[in-house]
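First the structure, in the form of structure tokens, and then the observations on it.
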Amino acid sequence: MSNLQQRLDQSLAFIASVILHALVVVALLVNLNWRRAPAVPVQTTIQASIVGVDAPSAPIELPTEQPAPPEPEPESEPEEEAEPEPVPQGPTPEELAAEAQRQTEAEAQEAEALRQAEAAQRERELREQAQETERLAREQRQREEAQRLAQEQREREEAQRIARERQEREEKARQERQARARQAALEEELRAAMAAEEARQGAVDAGLLAQYQEVIRQKVERNWIRPPGVAAGLRCEVSVRQLRNGEVVSVRVVDCAGGEVLIRSIETAVRKASPLPLPREPSLFDPNIRFPFLTE
């Protein structure tokens, strides 16, 4: 803005100088016109006094010497009058004022153009500065966003690691509990099996197993129908697979010399006897029981 003020001051000084010079020129033109005004002829009267005796004391007016009239020039053929050469004249005050006005307007236009150019330059600089500020702010936001995402990624990875380690510890503890439970179950089964075996062996020693097999054989024989032509006194071994409640699942007759008809009749009798009797001693129950069958 200091350059613009300086230019305006210079313009005002120039305008004042032009106006001052115009006034001086106007004064000179007025003086020149005054000097060129025609002089008015003045008649002069010369007074003389004659000194002598009886001379009258009143002055005597003598005619002044007049210039002789110019002799007439011989007549000659009239020549064409030449046009008077134009006398160069300086610019009129109106022209000077108009020139000063034009100069003032030109200076004002130049000052306005300079002001607009400086304003445009300032606006462009401000816009570029704002763009640069926005670019820096955008880059800063991008850096902060990248740092935030990286931090979140690290936190997720750390949380996943902690969760994975906790899950591994829990899985290991679960497996250890299951292993201990299986071991305890195996030990319990082993103890139960040993106890059952001891009880079974005691029941066997006490003849309870033979009694249990005899009860099953008797029930099967009660449901047996002797086929025609089967002799008495035949012995067959019967193998039965049963459920815990004595229900027969399958039956097979082995070591039987009575033929196919006898075998089929025994199998039918076993299925009719289902469910088979259960032993008084639970340890004597055998899902795959085997007993003899005699034809009487």
Within a strict 4.5 Å, meaning less than it, do heavy atoms of the [X] and [Y] side chains meet?
{"X": "Arg161", "Y": "Glu158", "answer": "yes"}
{"X": "Lys272", "Y": "Ile225", "answer": "yes"}
{"X": "Arg124", "Y": "Glu128", "answer": "yes"}
{"X": "Val220", "Y": "Val238", "answer": "no"}
{"X": "Glu110", "Y": "Leu114", "answer": "no"}

Under 3.5 Å donor-acceptor, Glu221 side chain and Ala269 backbone: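 Checked: no pair found.
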Please walk me through it: do Gln129 and Glu125 pass side-chain hydrogen bond (donor to acceptor under 3.5 Å, both in side chains)? CA-CA 6 Å; Gln129 184 178 1; Glu125 291 176 355; over 6 Å; no
Hey, any chance Leu276 and Val215 share a hydrophobic cluster, counting ILVMFWY side chains that come within less than 4.5 Å of each other, even indirectly?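 In one cluster with Leu276: Val215, no.
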Spell out, yes or no, whether Ile266 and Val230 are grouped together once hydrophobic residues are joined by side-chain heavy atoms under 4.5 Å, including indirect joins.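 Yes, Ile266 connects to Val230 through the hydrophobic network.
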Working to the nearest 0.5 angstrom, can you tell me the gap between [X] [atom1] and [Y] [atom2]?
{"X": "Arg191", "Y": "Glu188", "atom1": "CZ", "atom2": "CD", "value": "4.5 Å"}
{"X": "Thr104", "Y": "Glu99", "atom1": "OG1", "atom2": "CD", "value": "9.5 Å"}
{"X": "Glu144", "Y": "Gln147", "atom1": "CD", "atom2": "CD", "value": "7.0 Å"}
{"X": "Thr295", "Y": "Arg235", "atom1": "OG1", "atom2": "CZ", "value": "11.0 Å"}
{"X": "Arg156", "Y": "Gln153", "atom1": "CZ", "atom2": "CD", "value": "4.5 Å"}
{"X": "Ser239", "Y": "Asp255", "atom1": "OG", "atom2": "CG", "value": "10.5 Å"}

What heavy-atom pair brings [X] and [Y] nearest, and what distance separates the two atoms?
{"X": "Leu243", "Y": "Phe285", "answer": "O-CZ, 2.9 Å"}
{"X": "Ser274", "Y": "Val248", "answer": "OG-N, 2.9 Å"}
{"X": "Pro292", "Y": "Arg217", "answer": "O-CD, 2.9 Å"}
{"X": "Val253", "Y": "Cys236", "answer": "CG1-CB, 3.9 Å"}
{"X": "Leu209", "Y": "Leu284", "answer": "N-CD1, 3.7 Å"}
{"X": "Asn245", "Y": "Pro275", "answer": "O-CB, 3.7 Å"}

Are a donor atom and an acceptor atom from the side chains of Arg148 and Gln151 found within less than 3.5 Å of each other?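 No pair is found: no donor N or O on one side chain lies under 3.5 Å from an acceptor on the other.
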Regarding Glu171 and Gln175, do their side chains bring together a donor and an acceptor under 3.5 Å, going by distance alone?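 Result is yes, a qualifying pair exists.
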Answer yes or no: does atom [atom1] of [X] have more than 12 heavy-atom neighbours from other residues, nucleotides or ligands under 6.0 Å?
{"X": "Arg290", "atom1": "CZ", "answer": "yes"}
{"X": "Gln167", "atom1": "CD", "answer": "no"}
{"X": "Gln116", "atom1": "CD", "answer": "yes"}
{"X": "Arg271", "atom1": "CZ", "answer": "yes"}

Just to verify, what does Phe293 make a ring-ring contact (aromatic ring centres under 6.0 Å, His included) with, not counting sequence neighbours?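 For Phe293, the residues satisfying ring-ring contact (aromatic ring centres under 6.0 Å, His included) (neighbours in sequence not counted) are Trp224.
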Just do the salt bridge (Lys or Arg N to Asp or Glu O under 4.0 Å) check on Arg174 and Glu170 with the steps written out, would you? CA-CA 6 Å; Arg174 186 181 64 82; Glu170 293 176 353; over 6 Å; no
Looking at Glu139 and Arg135, is there a salt bridge between them, counting it only when a charged N and a carboxylate O are closer than 4.0 Å?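 Yes, this pair counts.
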Looking at Arg141 and Glu134, does any basic side-chain N land under 4.0 Å from a carboxylate oxygen?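 Here Arg141 pairs with Glu134 in a salt bridge, since their nearest N and O are under 4.0 Å apart.
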Can you check salt bridge (Lys or Arg N to Asp or Glu O under 4.0 Å) on Glu112 and Arg115, steps first, answer last? CA-CA 5 Å; Glu112 179 64 20; Arg115 186 190 66 79; 2.4 Å; yes
Run the numbers on Gln218 and Arg222 for side chain to side chain contact (heavy atoms under 4.5 Å, CB included), then give the verdict. CA-CA 6 Å; Gln218 290 176 2; Arg222 287 195 299 270; 3.8 Å; yes
For Arg143 and Gln140: C-alpha separation, side-chain torsions, deciding distance, then whether side-chain hydrogen bond (donor to acceptor under 3.5 Å, both in side chains) applies. CA-CA 5 Å; Arg143 287 193 296 270; Gln140 180 65 23; 2.5 Å; yes
